[in-house]
Amino acid sequence: MARQSRKWMILVVTIWIQAFTGTNFDFSAYSSALKSVLGISQVQLNYLAVASDMGKVFGWSSGLALIYFPLSVVMFMATTMGFIGYGLQWLVISGIITVPYFVEFLLCLLAGCSICWFNTVCYVLCIRNFPSNRALALSLTVSFNGITAALYALIANSIDSSASSIYLFLNAVVPLIVSFLALVPILRQPSLSPLTPDAVRLDSVIFLILNILAVITGLYLLLTGTATTDEFLARILLGGAVFLLVFPLFIPGIVYAQSWFHQTVHSSFRLEGSGFLLVDDEDLELHKELISREASIHENGLTHLITEKGSSYGLTRQKDAYIAGCCEVIVGRNQLAMLGEEHPARLLVRRLDFWLYYIAYFCGGTVGLVYSNNLGQIAQSLGQSDRTTILITLYSSFSFFGRLLSAAPDYIRAKLYFARTGWLTLALLPTPVAFFLLAASGHAMALATATSLIGLSSGFIFAAAVSITSELFGPNSVGVNHNILITNIPLGSLFYGLLAAEVYDASTGSTLRSFFYSDSVVCYGKACYFLTFVLWGCISLVGLASTFLLFLRTRPAYDRFERGRISSQLDLD
């Protein structure tokens, strides 16, 4: 039981790491000051945001480091990269040192890479300590990455709300402090034995309680982060936020109270773990057997499984209720036969499902992230610079809620089953609505509402992507495949950010457009981003269409998996 308690302590420190290392979300808090100090154009400022996002291109290096170094060493490598990257930028923006633009670009790249390394550490901790509830552990911990900007805004208000450079100082120092706090539990990781079905259900109940505490934390930060800039009151509110982050440490005590929870809480819920594909190999083999059996007896719509080099990944429907009209070729061709089939990289890039998924992410979550990077200039152009911190808190908090909502399919599966790709389609709906709202109105309420909607949508996509990648293309290949997927983030940051920067600079009357153009000008008025919002809205509609096609193509595989799961449960009963 003591070993079970230690795994919950590790989950709590993983939450801390995620909560304080999503440092790329506060870029807009100091971007205007950085642009002024460096004397650069909006285009060049966009390249710095791209450099931060380009760290994801090198995310695979953290997995390579874990082969040769312990987890704690990799964590402090990430801390060192962030400390150097953000620390030197703080010296630059404070006027203590000066560096060439190219060096500033490299510092942003180094700082962005540190975030990916921290994320890898957190993923590994969740997978090692919660093999039966990996989906729940991942969705909960990844959610806290969305509140970093809100937390840092509260800390900044408690120190000096007028100094935007304080964010870079916090980005450098706070992850270092949190890493030291997390060191002892990580070094004392328990050696866990397989859990009984009752223990798995108990863990699910505890995850439900932790998600409720997470919602309370998010609401607290949302309300307090936008309430005041008074330093004394901000310190009191910061103390409350720290308490909410420390409170889950009492979870080990809840583990010891197993019988009480079983009698009072679990009787009201029937939670069987995540229910999706982050399960063990025996369940996957049973799923494969059920799929083969179903394929052999169906005669009205399903033909034989198409096998390529031992991998049954194709399934063709002759007549399908999901297919109609001109969409038949796109939806019906080479459909996914089953969930969980391992797809190596060479097979992954040949799958239409992957490219629909890639476009959906590229035109959904990524455009939302680029919006957050430009939030400082957007607020400035609309004459709302004094509300930048509030807008950052709104985006951060609603991104957090969106990430938490990504776990909804796992909790309500027994009462309402819906393919996770369908949930992804619903999650993308608010994004085009928000962008067209921004194009139609530049009022403060419209800006706050749109920022909240985009944060909610993007947060859901970011958190759900890990599970969807695992379900569609195999749990064992998720490390490589997910890193391939998120290459769209630096590409989108470059493309969307450059689009916004060109429109912004054009609105100021500037005529020269080049990487070396360095005239720090400021644009005021609705026209600065009007065309950008319209184009981003149209792009997000493309993403919505792509994810809807992905849902149509993958729904049969999800339905068959659910039927197989229910059938196996009935057999056991």
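These numbers come from a predicted model, not from an experiment.
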Taking ring-ring contact (aromatic ring centres under 6.0 Å, His included) as the definition, give me every residue that meets it alongside [X], ordered by chain and number, with sequence neighbours left out.
X	result
Tyr395	none
Phe401	Phe398
Phe207	Trp8, Phe130

Under 3.5 Å donor-acceptor pairs involving side-chain atoms of residues 363-374, not counting sequence neighbours:
{"residue": "Thr366", "atom": "OG1", "partner": "Tyr361", "partner atom": "O", "Å": "3.4"}
{"residue": "Thr366", "atom": "OG1", "partner": "Asn488", "partner atom": "OD1", "Å": "2.4"}
{"residue": "Tyr371", "atom": "OH", "partner": "Thr451", "partner atom": "OG1", "Å": "2.7"}
{"residue": "Ser372", "atom": "OG", "partner": "Leu369", "partner atom": "O", "Å": "2.6"}
{"residue": "Asn373", "atom": "ND2", "partner": "Asp53", "partner atom": "OD2", "Å": "3.4"}
{"residue": "Asn374", "atom": "ND2", "partner": "Val370", "partner atom": "O", "Å": "2.9"}

Quick one: are [X] and [Y] in side-chain contact, heavy atoms under 4.5 Å?
X	Y	answer
Tyr496	Ile539	yes
Trp355	Val349	yes
Thr23	Tyr152	yes
Leu498	Glu502	yes
Phe118	Val178	no
Thr120	Val74	no
Ile454	Phe435	yes
Phe400	Phe144	yes

Quick one: do the Ser179 and Thr79 side chains pair a donor with an acceptor below 3.5 Å? yes
Assess, by modelled atom type and distance only, whether the side chains of Asn119 and Gln18 contain a donor and an acceptor separated by less than 3.5 Å. yes
Please name the pair of heavy atoms, one in Tyr529 and one in Ala500, separated by the smallest distance, quoted to 0.1 Å.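 Closest pair (atom of Tyr529, atom of Ala500, distance): CE2-CB, 4.1 Å.
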On a heavy-atom basis, the closest approach of Cys126 and Thr14 is SG-CG2, 4.1 Å
Between Ser457 and Thr431, does the side chain to side chain donor-acceptor pair (under 3.5 Å) criterion hold? Intermediate values first, please. CA-CA 6 Å; Ser457 179; Thr431 300; 2.8 Å; yes
Side-chain ([X]) to main-chain ([Y]) donor-acceptor, under 3.5 angstrom:
X	Y	result
Thr148	Ala19	yes
Thr21	Ile17	yes
Thr554	Leu550	yes
Thr547	Leu544	no
Ser52	Ala49	no
Arg403	Ala463	no
Ser143	Ser139	yes
Ser546	Val542	no

Check step by step if side-chain contact (heavy atoms from CB on, under 4.5 Å) holds for Tyr358 and Thr487. CA-CA 9 Å; Tyr358 193 93; Thr487 56; 3.1 Å; yes
Residues passing the side chain to side chain donor-acceptor pair (under 3.5 Å) test with Tyr123, sequence neighbours excluded, are none
Go through the structure and list residues passing side chain to side chain donor-acceptor pair (under 3.5 Å) with Ser406, not counting sequence neighbours.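 With sequence neighbours excluded, Ser406 shows a side chain to side chain donor-acceptor pair (under 3.5 Å) to no residue whatsoever.
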Check this for me: Phe354, atom CZ, are more than 12 non-hydrogen atoms of other residues, nucleotides or ligands nearer than 6.0 Å?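 Counting neighbours around CZ of Phe354, more than 12 heavy atoms of other residues, nucleotides or ligands fall under 6.0 Å, so yes.
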For Val50 and Phe105: C-alpha separation, side-chain torsions, deciding distance, then whether side-chain contact (heavy atoms from CB on, under 4.5 Å) applies. CA-CA 9 Å; Val50 172; Phe105 183 90; 5.5 Å; no
Does the pair Ser458 and Ser399 meet the rule for a side chain to side chain donor-acceptor pair (under 3.5 Å), with working shown? CA-CA 6 Å; Ser458 300; Ser399 174; over 6 Å; no
Is there a side chain to side chain donor-acceptor pair (under 3.5 Å) between Thr421 and Tyr357? Walk through the geometry before answering. CA-CA 9 Å; Thr421 49; Tyr357 184 31; over 6 Å; no
